[in-house]
Amino acid sequence: MTLLTMIEAINLTLKKEMERDERIILLGEDIGKNGGVFRATDGLQAAFGPERVVDTPIAESAIVGAAVGMAARGLRPVAEIQFFGFIYEAMDQMASQAARLRFRSGGRLSAPMVIRAPFGGGVKTPELHSDSLEGLFLHSPGLKVVMPSSPYDAKGLLTAAIRENDPVLFLEPMKLYRAFKQEVPEHDYLIELGKANVVKQGEDLTIITWGPTVPLVRQVAEQWEQQNISIEVVDLRTISPIDEDTVLESAKKTGRVIIVHEAVKTGGPGAEISALINEKALFYLSAPILRVTGFDTPYPVPSVEDDWLPNAQRISQSIQEVLAH
Amino acid sequence: MTLLTMIEAINLTLKKEMERDERIILLGEDIGKNGGVFRATDGLQAAFGPERVVDTPIAESAIVGAAVGMAARGLRPVAEIQFFGFIYEAMDQMASQAARLRFRSGGRLSAPMVIRAPFGGGVKTPELHSDSLEGLFLHSPGLKVVMPSSPYDAKGLLTAAIRENDPVLFLEPMKLYRAFKQEVPEHDYLIELGKANVVKQGEDLTIITWGPTVPLVRQVAEQWEQQNISIEVVDLRTISPIDEDTVLESAKKTGRVIIVHEAVKTGGPGAEISALINEKALFYLSAPILRVTGFDTPYPVPSVEDDWLPNAQRISQSIQEVLAH
Amino acid sequence: MWIEPNERKVERIQFLNENGKLIGSMPEVSDEELVSLYKWMVLARVFDQRALKLQRQGRIGTYAPLSGQEAAQIGSASALAPQDWIYPSYREGAACFVHGFPMKNFFLYTMGHLSGSDAEGAHVFPVQIIIAAQCLHAVGGAWASKYKKENSVSVAYLGDGGTSEGDFHEAMNFAGVYQLPMVFFVQNNQWAISVPVGKQTSSKTIVQKALAYGMAGVQVDGNDVLAVYMTMKQALDRARKGEPVLIEAVTYRQGPHTTADDPTKYRDGSDVETWLAKDPLKRIKLFLFEKGIWNEALEEQEYAKAEHTVSEAFEQAVNTPKSNVKELFDLVYEQKSSQLAEQQQSLASEEVWK
Amino acid sequence: MWIEPNERKVERIQFLNENGKLIGSMPEVSDEELVSLYKWMVLARVFDQRALKLQRQGRIGTYAPLSGQEAAQIGSASALAPQDWIYPSYREGAACFVHGFPMKNFFLYTMGHLSGSDAEGAHVFPVQIIIAAQCLHAVGGAWASKYKKENSVSVAYLGDGGTSEGDFHEAMNFAGVYQLPMVFFVQNNQWAISVPVGKQTSSKTIVQKALAYGMAGVQVDGNDVLAVYMTMKQALDRARKGEPVLIEAVTYRQGPHTTADDPTKYRDGSDVETWLAKDPLKRIKLFLFEKGIWNEALEEQEYAKAEHTVSEAFEQAVNTPKSNVKELFDLVYEQKSSQLAEQQQSLASEEVWK
Ligand SMILES: Cc1ncc(C[n+]2csc(CCOP(=O)(O)OP(=O)(O)O)c2C)c(N)n1
Ligand SMILES: Cc1ncc(C[n+]2csc(CCOP(=O)(O)OP(=O)(O)O)c2C)c(N)n1
Ligand SMILES: [Mg+2]
Ligand SMILES: [Mg+2]
């Protein structure tokens with residue numbers, strides 16, 4: 001047991017997995033000597049050599065496309081996209097190649113690979129570095145989409161992602177990379193992909209969220225606790241597939257649901273969760289399902305991003321609205 | 001007034017607009033001499049010359065990116081993506097360039113351009129030609145997304161799209177290109193973007209749909225009419241922005257809503273519509289909002305596509321379910 | 001000091017001229033190899049004509065004919081070692097057959113059947129529809145081979161039009177940087193649907209694009225099966241040593257782009273005539289006749305055999321049980337999600353409801 | 001007959017050596033032009049150092065230093081006509097200033113202000129973050145210029161690393177096919193963050209990539225402002241006639257990639273030393289001194305003036321009213337949707353609630 005930040009937990013996981021399985025190759029921009037712009041791969045090239053930790057030219061489509069080709073021929077590539085906003089460049093290789101190889105080949109080939117990317121806002125990056133685009137991949141069958149919200153989860157989920165036999169998009173909240181430390185076991189453990197985590201039990205209202213906004217939502221929930229409002233917080237952990245059972249159970253229990261995410265509202269993952277609950281638990285609802293999300297604009301310049309992102313105030317306002325019913 | 005198919009209406013519109021405004025340039029793969037693989041641009045190169053109707057190399061990112069550059073410098077490009085499934089290749093230029101130029105430049109530049117693409121299933125194309133990916137663009141602020149369901153609408157909407165000062169993704173249902181003829185006025189008329197069309201009034205249930213599935217849904221609605229079930233059919237026409245007023249009004253009136261689209265279900269546009277109604281008209285609902293959509297798999301091979309697409313049977317089954325409440 | 005446009009003059013490798021006459025000295029190739037190359041070409045031609053006919057009869061779906069490109073495809077694929085891999089686009093049936101892809105399954109592909117990309121163990125990637133995307137998969141395959149020391153070369157097949165895509169560029173660059181065992185085999189068949197190669201790029205040849213990536217390249221007469229075969233052997237030797245190669249095989253698409261295309265809209269009959277005179281089968285056939293290792297009797301026999309092979313493959317395809325929509329749900333992930341299970345289930349209940 | 005890897009030897013254009021000595025004959029350039037080039041370089045250097053300092057003080061955000069690249073940027077931008085357009089990446093402040101972009105707004109950009117890309121009428125496109133995406137916008141701009149007969153050349157600025165992206169390739173190919181009035185100006189500063197150019201591509205030079213597109217190209221010493229200036233003039237002449245050009249300016253990024261980067265992680269001090277000796281300011285300064293048109297007094301005066309200009313620009317930036325989140329909703333579309341209006345409105349009510 002050691003206290004680790006999320007970035008340290010990720011680094012440790014990559015190391016452990018590479019020791020275990022020499023089919024694992026890391027590739028991406030500046031992941032070698034530089035250890036990645038966030039140091040996720042720090043020391044790994046020194047430990048495993050430049051054949052296993054490979055700096056690539058600046059070409060995201062090639063990074064993902066080459067990983068598909070490697071995976072189909074027996075390797076287990078873990079590719080890094082330097083910032084998630086650059087994923088648009090690799091969209092075809094993500095959504096019509098990696099995601100569909102199993103399908104296209106009638107199940108005879110597969111693409112066991114992980115695409116890691118830092119994402120989410122609040123750290124004052126330049127444009128297109130902070131966009132939360134996970135919703136695009138929720139709508140791309142064949143991919144799994146995973147996002148940890150803590151160092152412990154990061155290790156368990158990334159281990160599971162690497163051992164998965166289908167392509168996994170693994171999104172790492174930049175804001176949480178070094179936000180706090182947590183006990184992270186050295187030994188192997190897996191957190192099953194597709195299972196949500198109820199990080200706080202509650203009776204009056206459910207908030208569903210994932211990744212960067214989990215700590216924020218927990219904090220807000222705890223504040224309301226003091227006013228005797230009991231909020232259940234569900235950390236989705238995996239948005240594709242969505243853990244229907246957990247979501248529906250919580251919605252049925254509390255009858256009031258809010259979804260919090262940084263992605264822009266319209267057409268985002270929150271819409272799917274709301275639709276799902278509507279479809280399967282409508283008559284349990286006492287209030288409309290609200291979404292507290294990024295606004296329907298491109299991710300803004302740093303000086304206003306904090307006002308653009310979901311924050312405690314907007315969440316609390318929605319809680320009040322929902323409780324008013 | 002002439003009877004035209006949708007493809008003829010599109011061809012006519014392009015011709016009329018090009019006559020009106022010489023800033024309009026068409027670019028795309030095989031749109032010149034060949035007149036496009038569906039003949040949407042038939043005869044236009046002969047009429048306007050190779051400077052205004054330009055065959056491009058096979059490079060979708062360049063087609064959209066060059067159009068952005070042209071538009072910013074005073075032209076009005078109308079680009080064609082040969083089949084919508086290839087849009088992934090141009091995703092960055094669509095979602096982070098065309099969509100954001102106005103935003104990025106603080107409102108000083110803009111990208112008045114249209115990206116046309118045939119889309120939707122049912123015509124037995126090879127892989128990746130029939131995918132309905134409009135949901136990705138609903139989640140990309142800065143774009144408008146428009147899809148006609150008839151020759152008349154095609155002309156009015158395309159005229160409006162071309163005159164719009166923001167980038168418009170104009171999606172043309174392949175299945176309807178030559179499915180039927182309709183009276184289409186020669187003269188100028190615009191159908192406002194962002195306004196849905198109630199194509200059939202009804203009292204018991206609302207079905208919201210757009211593009212390729214509109215004729216199907218109408219037909220199903222008319223069948224149910226004979227059993228004295230009155231179905232309102234809303235043709236959304238534009239999915240970004242969504243016409244909230246029309247959607248909510250209809251949902252409030254009937255209290256029962258089904259959404260039909262060809263895009264895969266999870267994370268699709270139907271989710272947004274459901275979430276919207278939930279948020280703003282929850283207490284008018286008498287039944288869960290159901291979605292009849294493509295299944296959560298990649299678009300399949302031709303021999304099974306008809307069983308994969310939403311069909312009359314699946315729609316009727318959902319109608320029954322909804323009416324059972 | 002400036003680099004001037006198209007300053008590099010390119011010489012095209014040719015062994016046989018249009019009339020089947022040897023130019024220069026005879027390369028080291030056995031009679032059996034020569035005959036085998038031709039037999040494959042006959043089979044490819046017969047297959048292609050049958051597929052076209054079947055499409056016209058509505059018995060198969062859209063098909064992308066390969067007539068005119070037999071030498072390029074057969075010559076190149078015949079040079080492969082069994083452990084090598086092909087990453088094809090949609091027009092590479094002939095190359096795939098040579099490398100072991102079952103013709104039956106190619107028919108199933110054109111019929112929109114789920115088994116259409118089953119290589120049954122042959123080292124052939126599924127047909128790629130997205131232009132140039134397969135180049136990157138070949139890069140990854142070559143990379144895996146290098147890493148695992150499999151001594152396997154990955155060959156990406158693409159067309160002249162495919163070289164315009166960003167993925168081609170990124171793949172070429174990666175192959176160069178990592179010195180991968182790869183061949184980019186471009187069939188420059190002069191057309192990308194309706195766009196002639198002269199409007200696809202301002203580069204006079206496709207092969208000179210190798211210069212941008214510090215890569216070796218060679219242009220070959222793609223209608224000369226002997227030239228293609230020998231050149232591909234050289235290329236594979238270099239590639240096996242970790243020197244990636246770009247080959248431009250200059251050839252011609254004699255037919256329409258696909259069965260959905262009408263080439264008379266955009267190209268002259270005279271263009272087609274010129275190239276029909278350079279037909280790849282004619283050339284090698286004349287050479288074999290001249291060499292005395294082929295004759296009319298063998299010719300007739302071979303065509304009959306090819307007809308039979310094709311008929312049999314098609315019969316098998318027709319007799320394969322139809323795909324069922326319910327199979328789809330098991331092909332998305334190794335283990336299906338509850339959502340997929342529910343959707344699959346709903347189809348069963350739908351039948352009941354029906 | 002084969003094209004061999006890197007067979008094309010490239011000569012680099014240089015007018016001034018590292019010690020400011022003229023090589024060959026003096027080009028046609030006036031003393032005023034020479035002095036003006038140098039003054040701009042001084043301003044760029046002072047700006048860069050200030051920006052770095054301000055970032056360290058937390059007064060501006062992430063910044064991508066340009067020290068070492070002043071000759072490349074100023075030499076190239078100084079050759080532009082007013083009607084020409086610059087399509088910059090994030091490291092081209094100096095080129096943009098020369099072409100009229102207000103320094104104040106560049107500071108605002110680093111401060112994450114909404115006006116950060118306001119060119120105030122200058123022909124400068126907003127900073128592009130997505131590597132190489134601007135190349136396509138430049139293509140479109142050049143295309144518009146050609147169509148409208150504006151006689152305007154579009155210059156895409158990018159780095160060595162940028163040449164690996166698919167968008168670079170597609171843009172080069174389009175420029176070649178349509179013979180657009182365009183210059184691709186690549187500052188090969190040896191590094192793309194931590195990746196040296198030798199690992200970015202296996203092509204020995206960047207300029208030889210022109211060969212893939214039937215395009216003209218030229219490599220120039222990017223630390224020699226005179227060479228860059230004269231070469232860019234030639235390139236613009238060709239481009240104006242519809243002959244696109246690729247320029248590789250060989251230079252060096254003296255500082256970190258951005259203020260968030262630590263170059264000691266991946267590059268040797270000795271590498272930096274070598275290149276500091278080739279500093280672009282030193283060279284032209286020595287030349288001007290030698291020529292007798294510059295001296296210490298002028299030097300001191302110019303630096304003081306530059307410090308003042310930069311201070312003033314920063315002051316103005318600081319005094320610009322802060323951006324407000326509510327402005328965003330008016331920037332997405334010409335007319336905002338009801339959704340956007342509602343969201344904008346919600347911010348107002350939120351304040352009430354607060
Ligand atoms: C990304 C993408 N863009 C466009 C198409 C449509 N398309 C299919 S084949 C083709 C022409 C390809 O030409 P070429 O590469 O020369 O190959 P050929 O058909 O001549 O064998 C086009 C444009 C596609 N399949 N994928
Ligand atoms: C599409 C994309 N991929 C990656 C990045 C991250 N990134 C920013 S700058 C940079 C290096 C660029 O190197 P180069 O083109 O040589 O320009 P330089 O920074 O040296 O001026 C990278 C990888 C990005 N901004 N966009
Ligand atoms: Mg071709
Ligand atoms: Mg660089």
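We name chains A, B, ... by the order of the sequence lines, and we start the count at 1 in each one. Note that the structure is a prediction, hence the values are computed from the model and not measured. Just so you know, these numbers use all the heavy atoms, side chains as well, and skip hydrogens, waters and symmetry mates.
Contact check on D:Lys326 versus A:Asp307 returns no salt bridge, with no Lys/Arg side-chain nitrogen under 4.0 Å from an Asp/Glu carboxylate oxygen.
With a 6.0 Å radius and a threshold of 12 heavy atoms from other residues, nucleotides or ligands, A:Glu222 has its CD atom above the threshold. Other residues, nucleotides and ligands contribute only 12 or fewer heavy atoms inside 6.0 Å of the CZ atom of D:Arg59. Within a 6.0 Å radius of CD in A:Glu51, no more than 12 heavy atoms belonging to other residues, nucleotides or ligands are found. Heavy-atom neighbours of D:Lys336 NZ from other residues, nucleotides or ligands within 6.0 Å: above the threshold of 12. No more than 12 heavy-atom neighbours from other residues, nucleotides or ligands sit within 6.0 angstrom of NZ on D:Lys53. A 6.0 Å sphere centred on NZ of A:Lys33 holds no more than 12 heavy atoms belonging to other residues, nucleotides or ligands.
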Check the pair D:Gln128 / A:Glu127 against side chain to side chain contact (heavy atoms under 4.5 Å, CB included), numbers first and verdict last.
-> CA-CA 9 Å; D:Gln128 182 57 249; A:Glu127 199 192 1; 5.6 Å; no
For A:Asp296 and D:Gln343, what are the C-alpha separation, side-chain angles and deciding distance, and is it a side chain to side chain contact (heavy atoms under 4.5 Å, CB included)?
-> CA-CA 8 Å; A:Asp296 283 329; D:Gln343 292 177 14; 2.9 Å; yes
With side chain to side chain contact (heavy atoms under 4.5 Å, CB included) as the test, would you mind laying out the steps for A:Phe295 and D:Leu328 before giving the verdict?
-> CA-CA 9 Å; A:Phe295 293 111; D:Leu328 300 176; over 6 Å; no
A:Asp30 and D:Val195: side chain to side chain contact (heavy atoms under 4.5 Å, CB included), yes or no, with the steps?
-> CA-CA 7 Å; A:Asp30 306 293; D:Val195 176; 3.7 Å; yes
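In this structure, chain D has a heavy atom under 4.5 Å from the side chain of A:Gln82, while its backbone stays farther away. Proximity to chain A (any heavy atom under 4.5 Å) is restricted, for D:Thr62, to the side chain, taken from C-beta onward. Interface residue A:Glu60: backbone and side-chain heavy atoms are both found under 4.5 Å from chain D. With a 4.5 Å cut-off on non-hydrogen atoms, D:Leu340 touches chain A through its side chain but not through its backbone. At a 4.5 Å heavy-atom cutoff, the contact between D:Val332 and chain A is made by side-chain atoms alone. Residue D:Ile193 touches chain A through both its backbone and its side chain, counting heavy-atom pairs closer than 4.5 Å. Only the side chain of A:Asp55 has a heavy atom closer than 4.5 Å to any heavy atom of chain D. For A:Ser61, no part sits under 4.5 Å from any heavy atom of chain D, backbone or side chain.
In terms of heavy-atom pairs under 4.5 angstrom with chain A, the leader among D:Val127, D:Ile130, D:Thr201, D:Leu331 is D:Ile130. Ranked by heavy-atom pairs shorter than 4.5 Å toward chain D, the options A:Thr297, A:Val37, A:Asp306 are led by A:Thr297.
Across D:Glu165 and A:Ala59, no two heavy atoms sit closer than the pair OE1-CA, 3.9 Å. Across D:Asp167 and A:Glu89, no two heavy atoms sit closer than the pair OD2-OE2, 4.1 Å. The two residues D:Ile129 and A:Pro126 have their closest heavy-atom pair at CD1-CB, 4.0 Å.
The distance from the CZ atom of A:Arg314 to the CG atom of D:Leu347 is 7.0 Å, given to the nearest 0.5 Å. Rounding to the nearest 0.5 angstrom, the gap separating the CD atom in A:Glu305 from the OG atom in D:Ser323 is 12.5 Å. For the atom pair CE of D:Met111 and OG of A:Ser303, the computed distance is 9.0 Å after rounding to the nearest 0.5 Å.
Without hydrogens or angle criteria, A:Asn34 side chain to D:Ser194 main chain gives no donor-acceptor distance under 3.5 Å. Between the side chain of D:Gln200 and the main chain of A:Ile58, a donor-acceptor pair closer than 3.5 Å is present.
Residues A:Glu29 and D:Ile131 are not in side-chain contact: their nearest non-hydrogen atoms beyond the backbone lie 4.5 Å or more apart.
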